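Below is one structure, written out as structure tokens; the observations come after it.
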Amino acid sequence: EIVIKPGKTEILSSRERLLSFTISNRGKVPAIRIPLRLEEKVSGVQVLPAIFSDNYFNLLPGETRALTVRFDSSDEVVVESVRPDTYRFQ
């Protein structure tokens with residue numbers, strides 16, 4: 001099970017934001033090539049461009065990683081959980 005916990009959002013300029021968050025693998029198998037996306041909280045529309053500090057990465061069972069995403073927006077956004085195309089080894 002992959003769990004994403006959003007942190008604080010910093011205002012870098014009038015339109016640029018930096019969102020900090022952690023992602024954890026609470027499962028018993030590695031999570032391979034985890035893709036992330038940023039979505040608007042209300043509409044669910046993907047926020048583009050969104051520049052992640054890391055993407056398509058691996059997490060071992062019990063591993064947690066702190067990441068950031070930089071984006072242009074004046075709206076509140078939420079980090080979407082893992083997409084269905086995540087691969088896992090048994």
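We use all heavy atoms of the structure for the numbers below, so side chains are in, but hydrogens, waters and symmetry mates are not. All residue numbers in this chain count up from 1 along the given sequence. Worth saying up front: this structure is predicted, and the values here are computed from it rather than measured.
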| side-chain contact (heavy atoms from CB on, under 4.5 Å) between I23 and L36, intermediate numbers included | CA-CA 10 Å; I23 182 167; L36 298 173; 3.9 Å; yes
Could you state the interatomic distance from [atom1] ([X]) to [atom2] ([Y]), rounded to the nearest 0.5 Å?
{"X": "F52", "Y": "F57", "atom1": "CZ", "atom2": "CZ", "result": "9.0 Å"}
{"X": "R37", "Y": "Q46", "atom1": "CZ", "atom2": "CD", "result": "4.0 Å"}
{"X": "L18", "Y": "S13", "atom1": "CG", "atom2": "OG", "result": "11.0 Å"}

| said: Testing the basics here: between G7 and L19, what is the closest heavy-atom pair and its distance to 0.1 Å? | reply: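 Residues G7 and L19, closest heavy atoms: O-CD1, 4.0 Å.
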| said: side-chain contact (heavy atoms from CB on, under 4.5 Å) for R17 and L12? Distances and angles first, verdict last. | reply: CA-CA 5 Å; R17 309 286 187 262; L12 302 177; over 6 Å; no
| field | Members sharing V3's hydrophobic cluster (side chains within less than 4.5 Å) | value |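 Under the 4.5 Å side-chain rule, V3 groups with nothing.
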| said: If we ignore hydrogens and angles and just use 3.5 Å, is the side chain of N25 paired with the main-chain N or O of I2 as donor and acceptor? | reply: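 Side chain of N25 to backbone of I2: no pair is present.
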Expected list for residues 60-71: side-chain donor-acceptor pairs under 3.5 angstrom, two or more places apart:
residue	atom	partner	partner atom	Å
E63	OE1	L60	N	2.8
T64	OG1	S24	OG	2.8
R65	NH1	D54	OD2	2.7
R70	NH1	E16	OE2	3.3

